[in-house]
Amino acid sequence: AQPDTTAKIKETGVLTIGTRTGSPPFAYINKDNQWVGFSIDLVEQLVKPAVEKEVGRTIKIEKKESTPPTRIPLLSSNAVDLIAGTMTDTPQRREVVDFSLTFFYTGAQFLVKKGSPIKGVNDIAGKRIASQQGSTNAKIIREKYPQAQLREFPDQPAAFQALIQGQVDAYTNDGIQLAGLKAKSPNPGDWEVVGDFYSEEPYGMAMRKGDVKFKAAVDAGLRNGFESGKYFEIYDKWFGAKGELPYPMTPTVKAYLLKHSGK
Amino acid sequence: MSYQFKWSVLWSGQSGGWLLQGVATTLAISGLAWILAVGLGILAGAARTVPWRPLRLAGTFYVEFFRNVPLLVWMFFWYFGVPPLLPRGVQDWLFNHSAEFWAGMFALGVYHGARMSEVIRSGINSIPRTQFEASVAMGLTTFQAYRLIIVPIALRLIVPPATNESLNLLKNSSVALTISVAELTFQTRQVETYTAKAIEALTAGTLIYLVLCVSIAWIMARVERRFAIPGLIARGG
Amino acid sequence: MLDLGVIVANFKFLVVQGLFGLGGFAGGTLRLAIPAIVLGFVLGIFIGLARLARSRFVSLPATLYVEFFRGVPLVMVIFWIWFIIPQLLRLPIPEYGVALTAFVIFEAAYFGEIIRAGIQSVPRGQVEAATAVGLTSAQTMRFVVLPQAIRNMVPALVTQMIVLFKDTSLASIIGYVDLTKAAQIVNNREIKPFELYLFIAVVYFVFTYSMSLFARRFERRLAS
Amino acid sequence: MAGAAIEFEGVSKWFGNHQVLTDIDLAIVPGEVVVVCGPSGSGKSTLIRCVNGLEPFQRGDLVVLGDSLASAGVRMPALRTRVGMVFQSFNLFPHMTVLENITLAPVRVRGLSATEAEKTARTLLERVRIPDKAGNYPANLSGGQQQRVAIARALAMQPKIMLFDEPTSALDPEMINEVLDVMTDLAKEGMTMMVVTHEMGFARRVAHRVVFMDAGRVVEEAKPEAFFAAPKSDRAKDFLSKILSH
Amino acid sequence: MAGAAIEFEGVSKWFGNHQVLTDIDLAIVPGEVVVVCGPSGSGKSTLIRCVNGLEPFQRGDLVVLGDSLASAGVRMPALRTRVGMVFQSFNLFPHMTVLENITLAPVRVRGLSATEAEKTARTLLERVRIPDKAGNYPANLSGGQQQRVAIARALAMQPKIMLFDEPTSALDPEMINEVLDVMTDLAKEGMTMMVVTHEMGFARRVAHRVVFMDAGRVVEEAKPEAFFAAPKSDRAKDFLSKILSH
Ligand SMILES: Nc1ncnc2c1ncn2[C@@H]1O[C@H](COP(=O)(O)OP(=O)(O)OP(=O)(O)O)[C@@H](O)[C@H]1O
Ligand SMILES: Nc1ncnc2c1ncn2[C@@H]1O[C@H](COP(=O)(O)OP(=O)(O)OP(=O)(O)O)[C@@H](O)[C@H]1O
Ligand SMILES: [Mg+2]
Ligand SMILES: [Mg+2]
């Protein structure tokens, strides 16, 4: 039988999302111990109305933590309905889950101590590189740069901690996440994000495979956001000049997003 | 959505290799930690039974402090907390030589050493005081009495509880995944994330642990029977 | 060197959310540990008694149960209940339910062993004396064996409760916001691991050490 | 034998393949005091433990107060209320006071009220000469006192038969008499008693009959005067020479 | 007393606040056999355990084979090789065979070679009349045999003095004599012995002197004939009446 998340939501009135606790500004717990972020806003303001329209009732959003190694099992075990964090849309993952429209676009880079000899992916041979277990970056390093000593950590803070202490020489993750980490760290000046994107990381929201109705609702919500401009308002709130992490959207990215939204 | 089993994921691709590496790492970290734990356990366990207060206090402090804080916290402590205190050169060397492995090994060994010492202490305490008296009454020194009489008897008495504790150590080595040690549970989850086949991966990991534990328990049961003191431990198969 | 400001600033979150579980997140070390101890003990009594049952149909499953859970890491059991059981039952279990279930069924195996050993530690002569005055086996168990067995068991039981209390820190790996997870969350933004982990180590120590002091006192009172 | 309180009829017992009782025939009449002696491992304890069903036997029959233990129907707990037993190691319940030890079975098994049971218990404590120890825990009593409490505990069920398995051999020598004195009183009051003991002085003074066992068999049965003066079997001679000479 | 093997000079001992030995004066000459008796808790074990330093004492002095135990310099292990001790509970080492039990101290303390030690051990096993048990583990011996091994083990160090603390009271009655016989042999060979025992037959036959203790004091000292025929103190009379009558 095909999964039917909309029927379930209709019954329970709850949409459970799996998201991150330590990936600013996408999803993290802020100083007031509230669980906030760009990805969460997208769900609250764009996806939720669309799903409500689909199921014909008001619904509530519940959040659970999901990390790269746990998010797919959580989804397939019905513990969550939608992964809305920092998950990269890859062909391989598409074999087991469905992705929504891309809602963010970035690429893998390195976070290093200021002045580190590592300037990009070509300098990592023999170096100790931290990554997150189960992430696309870990997989690429493992497969394409086997000379690097890869250390995989279950979550972002552990990896960053290892970097701070010098246990590793660099921490690789999606550039925007590294920038977020640096900006939120106690001494942002000590760190820099280096290197060209050595991978493409389009973020999508993941859901159970083959759930056509639900996917349509999620996509409709996001597409609406792009069309109405609401998406760009939210983007501005987090990444605009006065946002949590100023990160102006490049025209290429904007074009990419709009192109993939089907416009 | 009904679950589609696909057991072949366990041996196709890299999964099998990962699991084997996981077993090797689990055995290595547990084995080394076990040696450390037994050494510390004997020292601290014996220290807490000698008639000299400072030594007893030191033993007690070690045991209480280490066994009363979760292993997970100790993992973070040895991995993140300790290296900065070491000289720069040692740090560099460690970071280049699997610091996470050594930190995990230390955390496991020191934590379980505290628990092991409790096992050893109760073993020693269960030997009647008169055995010690009989030993020194023949002219043995206190040290000889411990080395030749008390400890050999205690070691035999504690084989069953020590086996339990050793199995706990083996299983607790899984906590080292939090500091990036690629042991068996880590590799199980690796298989799971790469294949998205949670049940298969977890089943494989669980079975491997069971086989490891059951074989160790079996070996220790043989050891126990081999070294049993006639008449003292009446335990069958 | 030590920046205790981070503890002060986040004290409320660490204690109210992390320790007591009163806050915006599913969590709380005590909220998990206390029911887990009580329920694990109750289930353990049944398992311990079942292992001693004369009928193999009762004792064998209990033995298998105990041997199975003593052969598997707790982390594995948590993953099983987190991923697999919902998949089989087709209904999601909240983190609290997952953690509680995992701890109860895992620790019950250990409690069961303690209870079995406690019962077997009562000298045979006690059973014979009770039998000889005409008590039935149920009465012998209730009035003579269990009261003594429970006294003999208290030190081991408290030790196991301490183990369980500390093991609840593993619930953090499924996103249950207990003390350990709360410290991790604060650490995510403050990057003060030494202070934070030291602080929670002290909190754990205070609880577990007072439990073991209680056990020691009890042991001494029995010995006299 | 008609009217016997205890009657063994060809009782045999094995532990696994090891035969520990062989064809025991023995009858004890009401009011009789029988002392059982013999070397260690000869089966004395096993014999006496058969009487109240603590040990099952495989062949023969044993009739106790009219009930045949070999027949299936007999309700053991009921029988045991009529047969008291005292052990070498006292076996008092350490978590109960002396009074609680004595009143447990009367209240739980015979259904007496707590006050009634307590009244009987206090009378019994006087009979065993420790009226002032009712509130003590066993750990705070000497061995001789503990054993006397154990006797009181058994008497509280108003048994028709009392079994004693080496009641004095765990005691310090000075305490042996306090227990033997209580047992002598009991015998004088006409209690039917089976006593395993090495106290030959007691056997001589109190027993109506001495039963000597060896290797699971009753080798000799005689009046004490006859037994001590001229044991018939060599085994008994040897045994007596060993235990009487020191 | 000059030439005494053991000499207590006003020895007093406390456990915490509780005085268990009060002003003990007692001298034992080489070759003498002294039996110590008295009620339970009177301090007999404590007294004898002072002699080889298992218990420290707080006042007075105790001179053993010329060494003053009150002086700081004395090396206990060395002294103990010259004073053998046998305990009530045998205390054989359960993980060693009989032979290993006996040769342990000669090899480890006196530095004998294994073969020499074994030769002596076999001679001793003959002396205690169990030459064929050398390879057994203690658990497979009867109590009487275990206690004889314990005696052989103590003798293996060629002590000048032997201490016995109730060596037969954990034994089945038939085994008591086998142990007492070995002790009698030892006494005849001229060993200096201090024996805590309630075996009054042994005391009568073998002891040169009986010491009666009560409440931590030596109440009476006499030749056995005199002691048993007419004890002087009431305490001793009472004690003897209790333990001799059963
Ligand atoms: N539970 C048991 N299992 C196997 N054998 C037993 C058991 N109990 C007793 N025996 C054996 O049965 C035989 C008789 O034992 P029993 O205890 O009746 O002897 P006893 O005459 O009372 O000796 P003692 O004077 O030492 O008490 C002995 O050989 C003993 O080893
Ligand atoms: N380790 C100890 N701590 C405190 N008090 C003790 C200790 N050992 C013995 N005593 C006390 O010292 C006193 C003398 O004890 P001791 O064992 O010497 O008596 P005993 O004459 O050998 O008695 P028994 O015939 O019962 O062996 C007793 O009151 C006893 O309770
Ligand atoms: Mg017996
Ligand atoms: Mg004594």
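These figures come from a predicted structure and were not determined experimentally. Convention: sequence-line order gives letters A, B, ...; per-chain numbering from 1.
Both the backbone and the side chain of A/K64 come within contact range of chain C, judged by heavy atoms closer than 4.5 Å. C/K181 touches chain A through its side chain: at least one heavy atom from C-beta onward sits under 4.5 Å away, while N, CA, C and O do not. At a 4.5 Å heavy-atom cutoff, A/L181 makes no contact with chain C through either its backbone or its side chain. Looking at C/Q17, neither its backbone nor its side chain comes within 4.5 Å of chain A, counting heavy atoms on both sides. At a 4.5 Å heavy-atom cutoff, the contact between C/F25 and chain A is made by side-chain atoms alone. Only the side chain of A/F160 comes within less than 4.5 Å of a heavy atom in chain C; its backbone stays farther off.
Ranked by non-hydrogen atom pairs under 4.5 Å with chain C, the options A/Q156, A/K31, A/K184 are led by A/K31. Considering only heavy-atom pairs separated by less than 4.5 Å from chain C, the leading option among A/I29, A/T67, A/N33, A/T70 is A/N33.
For the atom pair CD of A/Q161 and CD of C/Q184, the computed distance is 11.0 Å after rounding to the nearest 0.5 Å. In this structure, CD1 on C/I173 lies 11.0 Å from CD on A/E65, to the nearest 0.5 angstrom.
In this structure, A/L74 and C/W82 have side chains that are in contact, with non-hydrogen atoms separated by less than 4.5 Å.
More than 12 heavy atoms of other residues, nucleotides or ligands lie within 6.0 Å of NZ in A/K114, so this atom counts as buried by the packing criterion.
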